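All remarks here apply to the structure that follows.
Heavy atoms only: backbone and side chains are in, while hydrogens, waters and symmetry mates are out. Note that the coordinates shown come from a computational prediction; the quantities given were computed from them, not determined experimentally. All ligand and atom numbering here is 1-based and tracks the order in the structure.
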Amino acid sequence: MKVAVVGTGYVGLVAGACFAESGNDVVCVDKDEAKVRTLKRGKMPIYEPGLEELVRRNRQEGRLTFTTMLPKAVRDSTIIFIAVGTPQGEDGSADLRHVLGVASDIAKAMDGYKVIVDKSTVPVGTSERVREVIRRGTTHPFSVVSNPEFLKQGAAIDDFMKPDRVVIGAEDARAQEIMLELYSPFTRTGAPIMVMDCASAELSKYAANAMLASRISFMNEIANVCEVVGADVDHVRRAIGADRRIGTAFLFPGVGYGGSCFPKDVQAMIRFASEKSYQFKILEAVETVNKAQKTRLFTKIKKHFGTLKGKTVAIWGLAFKPRTDDMREAPSIPLIEALIGAGVTVQAYDPEAVKMARGIFGSKITYAASNYEALKGADCLAIVTEWNEFRRPDLNRMRALMRSPVIFDGRNIFTTDEMKQCGFTYYSIGRD
Ligand code: NAD
């Protein structure tokens, strides 16, 4: 099939590469000329495990190309995905400027029947707005489909290739058939393709993210209660996770959720519910809890040292989660800002996100070449992202490098016993 994907970011690039991998001819379009140049040189603009190899193979075999020229891409394709960003607007609602702008450009370029698929996360009713914009811009026949994406950064290719489910909001049979055919290689293992109306498809994405964000905030509050009553959240987590109605996934407390999706999608859902006069009280609390959780590591550091001026803090992990370089809404950002504000020298290390961090903090912090280098002369270590390579470090070497052996573990990657035995003063989440 001939597929165009407009927006070549974390979602568009992965989707484009995976559709090419299953034998389709895919053109990825982006307005960012530098990004397209990078991709044409065979380099990746983002870090995502396995992506470079997938893109290289499909480019070599001629199934995957990159362009800034949207009109030609539209003419050459039957299925056109919109995978541009839907950032948070000033009032918290999803900013649909890019989605509707692309829809209008697609309409102008159309030369026959097209299936226009919204893959961006958009509020209920957007497919109707996209339909309206296209109707105004063309006389050619078309279908609008809502196909929200559920991939996780860091495991995006696996998620896309072997999805738990594919959700398709399609209101005509022709578009449904085309979408079922496009996705059939990805659902051979039995994952369901769920066809529904567009409003339900659009809402499904927000409901999934809202549920996951709620689980995180809930566990963070459980951890905070553990700290005040003297319980251990690891025991509590295992005890409740064994209940099959609850399950073990997503029960890890930490320093709050970040990333490009949960914060903005929770906000957007609160907003579009309130526009229909519905106050989504649980989500309001989820957001409040998350904001507070992002300050907890700093509060613990301040409480331990009293005054922070002149101290040096090592940070392990800048990305909002492991296996990505993405720092959008990362909990490391407010922590580092608070530390800098308190007169602390910050020495940070992240395996992939340093380039992104330089764009945010510039020369306000130093960037270490390894996790050990970050510890040199540090008064404490704060662990913010649970990269695998942080899990089994040489503890003696760490202690020797640091000025004082104090660890604030925002991800509970060590056990309290092990840390005590090695002579560290160790603070974590829900286990103090
Ligand atoms: P991103 O910011 O990484 O990429 C968006 C891309 O769209 C950018 O490269 C940008 O240059 C391009 N773009 C913007 N306007 C354009 C235009 N007019 N023409 C061509 N290109 C244009 O965003 P992302 O993380 O890939 O997210 C895209 C959408 O998918 C969002 O709605 C997001 O909520 C949703 N989503 C993201 C994830 C994720 O893990 N990142 C997962 C599921 C869904």
Side-chain angles (χ1 to χ4, degrees), residues 4-18 27-39 44-49 51 66-74 80-89 93-109 116-123 126-127 130 133 146-160 163-167 201-202 204-210 212-213 257-269 319-330 356:
V5 182
V6 186
T8 311
Y10 287 89
V11 166
L13 182 54
V14 169
C18 291
V27 51
C28 284
V29 186
D30 208 286
K31 65 174 184 184
D32 182 338
E33 287 176 12
K35 191 176 263 191
V36 171
R37 265 200 310 274
T38 304
L39 285 160
M44 292 303 102
I46 53 165
Y47 172 73
E48 179 61 44
L51 186 61
F66 299 99
T67 184
T68 53
M69 314 288 276
L70 180 130
K72 182 166 172 1
V74 169
I80 302 147
F81 282 87
I82 303 178
V84 296
T86 46
Q88 193 171 311
S93 62
D95 182 347
L96 296 177
R97 210 174 329 164
H98 303 300
V99 171
L100 298 177
V102 168
S104 163
D105 292 344
I106 292 171
K108 282 182 217 142
I116 295 123
V117 188
D118 185 15
K119 198 165 241 330
S120 301
T121 302
V122 290
T126 304
S127 58
V130 166
V133 166
S146 168
N147 170 223
E149 181 50 55
F150 296 92
L151 63 76
K152 303 182 287 296
Q153 285 172 226
I157 292 167
D158 230 35
D159 286 348
F160 200 93
D164 291 337
R165 74 318 208 174
V166 173
V167 170
E202 289 165 337
S204 297
K205 173 65 190 173
Y206 282 101
N209 277 359
L212 294 168
Y257 59 75
S260 66
C261 293
F262 289 174
K264 84 167 168 61
D265 293 349
V266 165
Q267 261 287 329
M269 195 165 190
F320 85 92
K321 67 173 183 176
R323 294 165 68 83
T324 183
D325 59 350
D326 197 346
M327 282 192 64
R328 289 178 283 187
E329 302 285 330
M356 298 284 179

Pairwise distance CD(Glu149) to CG(Asp159) - rounded to 0.5 angstrom: 8.0 Å
Looking at Val122 and Thr126, what are the two nearest heavy atoms and their distance? CB-OG1, 3.5 Å
Side chain to side chain contact (heavy atoms under 4.5 Å, CB included) between Leu13 and Phe66: does it pass, once the steps are laid out? CA-CA 10 Å; Leu13 182 54; Phe66 299 99; 3.6 Å; yes
Please answer whether the main-chain N or O of Ala156 pairs with a side-chain N or O of Glu48 as donor and acceptor at a distance below 3.5 Å. yes
Would Val99 and Thr86 satisfy side chain to side chain contact (heavy atoms under 4.5 Å, CB included), going step by step from the backbone distance to the final call? CA-CA 7 Å; Val99 171; Thr86 46; 3.6 Å; yes
Should His98 and Ser120 be marked as a side chain to side chain contact (heavy atoms under 4.5 Å, CB included) after you check the CA-CA gap, both sets of side-chain angles, and the distance that decides it? CA-CA 10 Å; His98 303 300; Ser120 301; over 6 Å; no
Contact residues of ligand 1 with a heavy-atom cut-off of under 4.0 Å? Val6, Gly7, Thr8, Gly9, Tyr10, Val11, Asp30, Lys31, Asp32, Lys35, Ala83, Val84, Gly85, Thr86, His98, Val102, Ser120, Thr121, Glu149, Leu151, Gln153, Lys205, Ser260, Cys261, Lys264, Arg328
